[in-house]
Amino acid sequence: MSIGFLKVIQQGRIFFSLFLTQNKVFNACPVSRSFCLQCRTFPNPHTFFTFQVTRLPVAECSSFASCDSCLGAADPFCGWCVLQGRCTEKQQCPASDEENHWLWSYDDHTQCVSIQGLLPANQSRHEQTEVSMTVLHFPAGAEHDAWKCLFNDWSSAAQVYGNQVRCTSPPPEDLPPNQQDEDHVTVRLALVFQDVTVTVTDFVFYDCAAIMDLALSNPCSACVSSPWRCHWCLSDHLCSHTPQCSQEETIIYSQNDEQKELWGPDSCPRVEKVEGSHLIHVGLEGELDLIGYNFQLLNGEALEFNCIIEVEPAPITLRAQIEKMTVGQDQYKVHCQTHKYEYPLQVMEHQVPVFVKKGDVYRVDNKGDISVTLYNCSVGQSDCSRCQALPADYQCLWCGGEEKASCVHKDQCEQDTISVCPTPLIHSFSPMTGIMEGGTTITIDGENMGQKAEEVSVTVCDQPCSLLPDLYVVSNRIVCTLSASPEEASGAVKVSVSGRDPGVSSQLFSYQDPIVQALDPVRGPMAGGTMITILGSKLLTGDQISVTVGDLPCEVFGELLEDQLYCITSPSSVQHEMQIHVFYGAFERQLHSTLYSYTENPTISSAYPSSAFYGGGRKVVVTGLNLDVVQAPLIRALVRSPGEDPQPGAEKKRRKRRRKREFIPNPVLEVDESCQQINSTAMECISPSVPDASILVDVLFVLDNVRIPFSSLGDNFSYQKNPILKPLNRDNPSKPYSLKPGNVLDIEGEGLDAGISKQEVRAMIGNGVCTVKTLTHNHLYCEPPLASPQPLDPSASLPEFVVHMGNLQFNLGQVKYDEEGLSSFPREAKIGIGVGAALLIPIVLIIIFMYRRQSKKAKRDYEKVLVQLENLETSVGDQCRKEFTDLMTEMMDLTSDIEGSGIPFLDYTTYTEKIFFPGDTISPLRKSLDVPENRRVTVEQGLTQLSNLLNNKLFLTKLIETLDTQVTLSQRDRCHAASLLTVALHGKLEYLTDVMKTLLCNLIDQCVAKNPKLLLRRTETIVEKLLTNWMSICLHSFLREAAAEPLYRLYRAIMYQVDKGPVDAVTGKAKRTLNDGRLLREDIECRPMTLTVIVKNGAEVQRVPVKVLDTDTITQVKKKILNHVYKGTPFSQRPPVHTLDLEWRSGQAGHLTLSDEDVTSLVQGQWKRLNTLNHYKVPDAATVTLIPRLHNNQCETPSNNYMSGEKTPMLEDGEDGGIRVWHLVKSVEEPEVYKQRRSSLRERERAKAIPEIYLTRLLYMKGTLQKFVDDTFQAMLGVNRPVPIAIKYFFDFLDEMADKHGIAEKETVHIWKTHRLVPSPLI
């Protein structure tokens, strides 16, 4: 007996099942209720099987992501591990044996952990309280200090007491805003164990003050009737979550506090309704009374009551009196002051809201919508019948004489009242014809045509017309159905009201008998779409005309005529002949003589050619079947303009620019051309002309209702760019082209054969044909007539040469035939030409011989140059690879340093100091208020008042504009003032941005009026410096996150390469550089050395190896040592070079202080050479250290300026005498030509020419650093990173200004943007 566990399978079908062991075979295994498998062996243990057994997992618990899905699976192997938040097997869940730690999936009674009760269930958003919750199936034994509550993202420590959990709600300032148009916000309350969310519920924070904003008409009732515990303070007119008001006043409690005396909306002072009629006529003094309740609660107030009637354009305020009524308790009547109302709208009725205010602020509740209706009897009542048809409540009368009568209120009628309206007046009726059998619906327009449909009667041609009451319009419109007429007749339309004299129309109505006589065409495809023309007489009868072919509708369209009707056939499922029926309402006329036949649909098997020019007009030959059954075959091109088609990457560009939006293409343009049928199997179409550069959507053949795409025939139709043909006379197109008879015309162009063949091109010279012989992509050759053709324009003297390519026509100029032939040539001239040729031939031979000799020599020189260039290229490549390998090794060390110590960033304060106050040794930001104590209070008050003025936008803009206009204010002073303003307003960046935009708008207005391209070119104004400071502040995070690391790597790579070669400390020229102007062109021999530098770090002494050159000056050596020792420290925080001395230590007592200049310096005439390591004979691996400078030695002070050529202009002039210093080369060592001819610009350029040997230095320097330059620009300008929001904001502002000033030149806007993108120091 073997025992195993089974898994419940929801769906499936078992084909065969076996259990195999080493020597037993099991079958027929019963399953017990406890899911145990009990199997018996087969009788024959030697049975052989060829089954393959595969081991599969019995459960996949991890596929269930939530507790509900895990328990809902009812899997006996799975359960929900509560404290891990995942579905696992029991052995995979820690502490699974403890209560509620592992919830078994197969147990029907198991439920997920849930929050059953919250106390309080909700709370006000203006208070912070403790929330208690009851947790069902809380896991026992869990660490109590690991629980917390999350209100959205706000965390609070949870206190656990059994299955009770308590936590503190968020403070009011951390809550999200209310949901739109709601008085509360719902947050997600999650109970979390460590980082696992155990259960989640919703918690509501309500806002009583928001109820007042949402319920303007009934704030009190809405406050106390809300589902929250909100109370109404009467005097404060305030909805509060606490029952304490600012004064001891009456409080109306929430409807949830039933035990209070005043509670719920019924206790609020309110206006219930309007007493009496809601109607008030304009122009008359009207009274308005309202019924209200609980006004006694407001009597204690000294404020008056007012009635507010919200009439356009301004509400009307009327004084109100409150009177208690005796009919009901707490019931009051509000008497509004009488008033003569008016409203500007040209409508009869105007409903306006009414409410009551206490004072000028507090509004008394309205129960529902309370309004009155202002009306004007004279508006819209154009005749007597309309006036008298108004309800009696309006009290409107038709008043006055017959010609000047009008509809007015009874109190406004000062003349006789007209009680009986005049005879009806008929203006028009339609239709003017109808079928004899009747049933035509006729519409009659007029005036005074009754007040009710029951009192109106109509006859047409003396035949009764039955009114349709639902379509009757009082006085102005009657719709009736005609009765039958025994014969064709014509007569007037008569309308009578209440049996009085009728009104008679001036036009006549005609009863007609239409006749259908013929049909064209008599057949069409089963797909329908064929336009049928029905011929007959009096076909235009009535206005309810429809046509059917058999039982299939045929849509009537176009202009209907007395003798012709047009309709489009519907599709038919069978081929059949059918009769034509024309319906006039419910009656019909048939065509008995001819039947319409549905035939088989046309098909197309081929169409050629499959391309054409945009101009169209190319003939397309179509073959198929049943093509002649189509009435009007078409070829249709569906195109879209280029701007409407989404291009690759267009969506990304839209996200970078402004707002993100979906692409919505405009409707496709349809262009049709008709086709000419040849027979049932062939037809010819003309390619449609479409706009240039259009994007083709599809080309299809329209055969009535049959649509056949061109692509279904095998090839896709394509449009080609229109060809370009050059004029015949290319030198002067305005002059005629001279053509010799018998010559072939050669026309040049582009894309000539892209959309047409040679046979389809037609070339004409006047009325003569120029036969096209050859057509290529760039040439057209045609054979013109032998004699000059006549011009097509009789007024022209010469024929025009015109090329026709489909619809395209090219006029290439006039043609003039040269028919004079060769003129007679004199004999003497022929002899002279012979003699001259005999003398010229030897001279030509000598020139050819000399030319070949020089050519061979030049070829040999050229081959030598090629070999030199190849060797040079190989040398540069090898040098680049070697240098790049060394540089990458150094950069790997730099990467490890960056990962260890990070990039030496400046702190934000130092960063802003360097931007705002460049060059200042002591920043104003670090200065304290240095004033005497007796004046400190006054100064601080003045500073406070100045701060208030700076926060006034008008004052600040005028101040800046005034400072900019001061001529005596230097550019440095303006920049300093802008930086001080930036520091003062740094905490109010939005205000600073607004002020800066206003000033920039004014600056742009001034620059556009002069030269817009000069905008922002230099920082000459305060607003430009403000913009620079603002951009530096906003881009600080971008520089740190994106640009800092690649810039720092590029800087270190450049410095590493430059330091490997000698650098002149005086001129700043280097052997390794990217600048040809700073290239050291002399071959300076140098020897790399490694110095051992002693560095003291507290009590610990370290020996650090530093690489230098023996040609380095002492200052250069100190800088290299500082760069190596302080490589993780910002440069601004390192000790200055001039504060340290370099000491060479040799043995126990051999200490020597080295300097750039001392008594050992080499002096030759007026030149003194700076000391180097080679000068002091410092050996390799020597030990040195940096010590503080203890005396004021000026020997190294000049070296501070050696590295900058910009700061040593005095070295250019040596005639004034004095000692001049030099390092590697003397500054006067210049080319002789340059010294002798300084004024010659050409000679200066020659002097700057770089010899080939020095050019290689620039090449391998550039090749070595190329990767770091590319990485830097890719990091800052790559498309994988979004544009900084400050740059996008500023660029959008510039685009807006350009649009405002109508600047369409993109280069100008581009110049504006590039002027502001200047780098800022960060490291």
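Note that SG of Cys1086 is 6.5 Å distant from CG of Asp1110, once rounded to the nearest 0.5 Å. Rounded to the nearest 0.5 Å, atoms CG (Leu798) and CD (Gln790) are 10.5 Å apart. Once rounded to the nearest 0.5 Å, the distance linking CD of Glu750 with NZ of Lys726 reads 6.5 Å. Rounding to the nearest 0.5 angstrom, the gap separating the SG atom in Cys770 from the CD1 atom in Ile747 is 6.0 Å. Remark: Asp753 CG to Gln720 CD distance equals 9.5 Å, nearest 0.5 Å. Separation of atoms CG (Leu1173) and CE (Met1089) is listed at 5.5 Å; rounding is to 0.5 Å.
For Asn778 (side chain) and Gly749 (main-chain N/O), a donor-acceptor pair under 3.5 Å exists by modelled atom type. At least one donor-acceptor pair closer than 3.5 Å links the side chain of Asn722 to the backbone N or O of Tyr614. In this structure, the side chain of Gln1116 engages the main chain of Val1063 through a donor-acceptor pair within 3.5 Å. Between the side chain of Ser689 and the main chain of Gly615, a donor-acceptor pair closer than 3.5 Å is present. Between the side chain of His804 and the backbone N or O of Phe810 there is no donor-acceptor pair closer than 3.5 Å. With hydrogens and angles ignored, the 3.5 Å screen pairs a side-chain donor or acceptor of Arg1169 with a backbone N or O of His1223. The backbone N or O of Asp715 sits nowhere less than 3.5 Å from a side-chain atom of Ser610 that would complete a donor-acceptor pair.
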Side chain to side chain contact (heavy atoms under 4.5 Å, CB included) evaluation trace for Ile695 with Ser641: CA-CA 6 Å; Ile695 296 174; Ser641 64; over 6 Å; no
Lys1120/Asp1112 under side chain to side chain contact (heavy atoms under 4.5 Å, CB included): CA gap, chis, key distance, verdict: CA-CA 10 Å; Lys1120 290 183 179 180; Asp1112 287 343; 2.7 Å; yes
Audit row: Asn1174, Thr1172, side chain to side chain donor-acceptor pair (under 3.5 Å) steps and yes/no: CA-CA 5 Å; Asn1174 188 30; Thr1172 63; 5.2 Å; no
Trace of the side chain to side chain contact (heavy atoms under 4.5 Å, CB included) decision for Tyr817 with Ile765: CA-CA 11 Å; Tyr817 275 71; Ile765 301 179; 4.2 Å; yes
Test side chain to side chain contact (heavy atoms under 4.5 Å, CB included) applied to Leu812 and Leu725, step by step: CA-CA 8 Å; Leu812 304 182; Leu725 277 74; 3.9 Å; yes
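Met1055 has its side chain out of reach of Lys1060: every pair of non-hydrogen atoms, C-beta onward, lies at least 4.5 Å apart. Under the 4.5 Å side-chain criterion, counting only non-hydrogen atoms from C-beta, Leu696 is not in contact with Ser694. At least one side-chain heavy atom of Arg1087 sits less than 4.5 Å from a side-chain heavy atom of Asp1180. Between Lys1226 and Trp1167 there is a side-chain heavy-atom pair separated by less than 4.5 Å. Looking at heavy atoms from C-beta onward, Pro1062 lies in side-chain contact with Thr1111 at the 4.5 angstrom threshold. Put simply, the side chain of Val1058 does not reach to within 4.5 Å of the side chain of Thr1073, judged on heavy atoms. Residues Trp1222 and Leu1170 are not in side-chain contact: their nearest non-hydrogen atoms beyond the backbone lie 4.5 Å or more apart. Residues His779 and Thr774 form no side-chain contact, since every pair of their non-hydrogen atoms from C-beta on lies 4.5 Å or further apart.
Residue pairs meeting the ring pair (Phe, Tyr, Trp, His ring centres under 6.0 Å) criterion with at least one member in residues 837-864, sequence neighbours excluded, do not occur. Sorted by first then second residue, the salt bridge (charged side-chain N to carboxylate O under 4.0 Å, His left out) pairs that include residues 756-768, not counting sequence neighbours, are Arg618-Glu760. Listed by first and then second residue, the salt bridge (charged side-chain N to carboxylate O under 4.0 Å, His left out) pairs that reach into residues 764-779 are Lys773-Glu783, sequence neighbours excluded.
Classification of Glu748 and Arg730 as a salt-bridged pair holds, one side-chain N sitting under 4.0 Å from a carboxylate O. With respect to Lys857 and Asp861, no salt bridge is recorded, no charged nitrogen being found less than 4.0 Å from a carboxylate O.
The two atoms that bring Phe801 and Val815 nearest to each other are CB-CG2, 3.7 Å, heavy atoms only. Counting all heavy atoms, side chain and backbone alike, Leu1079 lies closest to Lys1069 at O-CD, 4.0 Å. For the pair Pro784 and Leu745, the tightest heavy-atom approach, listed with the atom from each and the gap, is CD-N, 4.2 Å. The shortest heavy-atom contact between Gly766 and Leu792 is O-CG, 3.5 Å. The two residues Leu752 and Thr776 have their closest heavy-atom pair at CB-O, 3.3 Å. Nearest heavy-atom pair across Val802 and Gln809 is CG1-CG, 3.4 Å.
Between Tyr719 and Phe717, the ring planes lie perpendicular to each other; the angle is over 60°, past the 30° to 60° tilted range.
Side-chain contact of Ser734 with Asn732: a donor-acceptor pair under 3.5 Å is present, judged by distance alone.
Within a 6.0 Å radius of CD in Glu1305, other residues, nucleotides and ligands contribute more than 12 heavy atoms.
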